[in-house]
Amino acid sequence: MKMNINIASLLNLARFAATTPLILVSADINWPEYSQQCRDDAGSPYEDDVPGVPYHFGSAAYPVLVDADGNGGSGRRECADPIKDACNLRPDFKTAYLEGPISCGNNGWYCRIFNDEANGWPNVNLNGDVNFGQCNREESFEDGGYDQDGHCHGSSYDSTYYWWIRDHWFREYNGKVRCCCGWYQGGTQPVTEGRIANRCDYRRLVTSTENLSDCRDANEEHGLGFEGGCDSQYQDQIGSPIPEDDSVCWEIERFGYTEEGGSVPTTPPTVTPKPTPPFVSPPPTNKPTVSEAPTSPTNQPPTMGPTREVSQSKTDSNGRFCRCLLSFVTLHVLNDASYFIHFASRRRAPVLGLHLDQQISQRRTPRQIPQIHQ
């Protein structure tokens, strides 16, 4: 029997409630504007997402912030230029980097995922779908099909960024991500000029008027990928780092889904929290002062909801109630599904094993679950 409740989304909601103080309710924008998720996109259906709980919540991924003072030191850090607007609009920097909206002037973008096992992050499925060579090695110039440096993917439309990131996140193409502005044009180093990569896959725009049931895979069957190879005029880059313009690029560490989640490396400059405005008037208690989350500039589109403060006592009560309710619902649903639920399909999220024997062993004896055939 098909379950109507998305287990992954429910668990994410329960985890969110259990680990979030619920002191402030922050505003966010309506993003993405509409669904561009096609049938073969990995992960759970977008419509099953729990509002306010991002699919990447609790993951080890984190944004690489840049030196705000321009002196190369370890001082103040800020979002990369193409993500600055998103950082002002979204509730936190991590969400801004992983979801956007990116500011590339609608000239498009391209991202390269590199194996980062040397820094302790397993590649999972990345090595099984490497597809490009960097334009700083002989193989990339001599062999247009050389494809051992990582996975490259992009688009000429900015709004596709959210959907590509989400798809490849759940495909577990795990590694370090470097993205830059410019597909055909825009920025200072568009990928199709043949200075960065010898080839790169393309994700097409799915329009708001399309019937999503007719879209199998926005990453294929359009003939728009870059296959031009590395331009011979850039052979002087061989053996050296490619000179890239950091002002049009941004990076994400610990990218990709894992069941374990993983730990975030202790590198304070790259995980600096979003700055907050001055403190509000303290309540008449000895509890620590509560500050409001930053709101977006007043000239932003009217999609922003207001930021409001919730009293500590009311929040504590509501928080306990929500956590108890969520715990009850989660255990009830999972208990009915027994202690091990598998959720998988080809080119979707890998198998999700929910080992719940410790939680329900005292409640009931597990029963056999019939094998589910898709």
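The figures that follow rest on heavy atoms only: side chains count, while hydrogens, waters and symmetry mates do not.
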Without swapping roles, check the side chain of [X] against the backbone of [Y] for a donor-acceptor pair under 3.5 Å.
{"X": "K84", "Y": "S103", "value": "no"}
{"X": "H151", "Y": "Y173", "value": "no"}
{"X": "D92", "Y": "T95", "value": "yes"}
{"X": "R195", "Y": "C230", "value": "no"}
{"X": "D158", "Y": "C104", "value": "yes"}
{"X": "D201", "Y": "G225", "value": "no"}
{"X": "Y97", "Y": "V64", "value": "yes"}
{"X": "R254", "Y": "Y62", "value": "no"}
{"X": "N219", "Y": "R203", "value": "no"}
{"X": "E251", "Y": "R178", "value": "no"}

**Prompt:** Which of parallel (below 30°), tilted (30 to 60°) and perpendicular (above 60°) describes F170 and Y55?
**Reply:**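 Ring orientation of F170 relative to Y55: tilted.
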**Request:** For the residue pair W164 and F255, categorise the inter-ring angle as parallel (less than 30°), tilted (30 to 60°) or perpendicular (more than 60°).
**Result:**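 Ring orientation of W164 relative to F255: parallel.
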**Item:** Under 4.5 Å side-chain linkage, directly or through intermediates, the cluster mates of V206
**Value:**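 Once heavy-atom contacts under 4.5 Å are chained together, V206 belongs with L212.
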**Asked** Looking at W250 versus Y161, is the centre-to-centre ring distance below 6.0 Å?
**Response**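 So the answer is yes for these two rings.
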**Asked** In terms of hydrophobic clusters joined by side-chain contacts under 4.5 Å, are Y34 and I29 together?
**Response** no
**Prompt:** Between V191 and I242, is there a shared hydrophobic cluster once you connect ILVMFWY residues whose side-chain heavy atoms come closer than 4.5 Å?
**Reply:**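 Cluster IDs for V191 and I242 match.
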**Asked** Pairs in or reaching into residues 206-243: which pass ring pair (Phe, Tyr, Trp, His ring centres under 6.0 Å), with residues at least two apart or in two chains?
**Response**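 Output for this query lists Y202-H222.
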Looking at every non-hydrogen atom in both residues, tell me the closest pair between [X] and [Y] and how far apart they are.
{"X": "R77", "Y": "L65", "result": "NH2-O, 3.1 Å"}
{"X": "C180", "Y": "R112", "result": "SG-NH2, 3.9 Å"}
{"X": "I196", "Y": "Y110", "result": "CG1-OH, 3.6 Å"}

**Asked** Sulfur to sulfur, is the gap between C181 and C249 shorter than 2.5 Å?
**Response**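 Answer is no: C249 does not pair with C181 in a disulfide.
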Should [X] and [Y] count as side-chain neighbours, where that means a heavy-atom distance under 4.5 Å?
{"X": "N174", "Y": "L126", "answer": "no"}
{"X": "D49", "Y": "R166", "answer": "yes"}
{"X": "T160", "Y": "Q36", "answer": "yes"}

**Asked** Cut-off 3.5 Å, side chains only: do N88 and D85 have a donor facing an acceptor?
**Response** no
**Item:** Contact list for residues 193-224, test disulfide bond (SG atoms under 2.5 Å apart), sequence neighbours left out
**Value:**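 Every pair satisfying disulfide bond (SG atoms under 2.5 Å apart) with a residue in residues 193-224: C38-C215, C152-C200.
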**Message:** Under the salt bridge (charged side-chain N to carboxylate O under 4.0 Å, His left out) test against R204, which residue among E220, E221, E210 passes?
**Reply:** E210
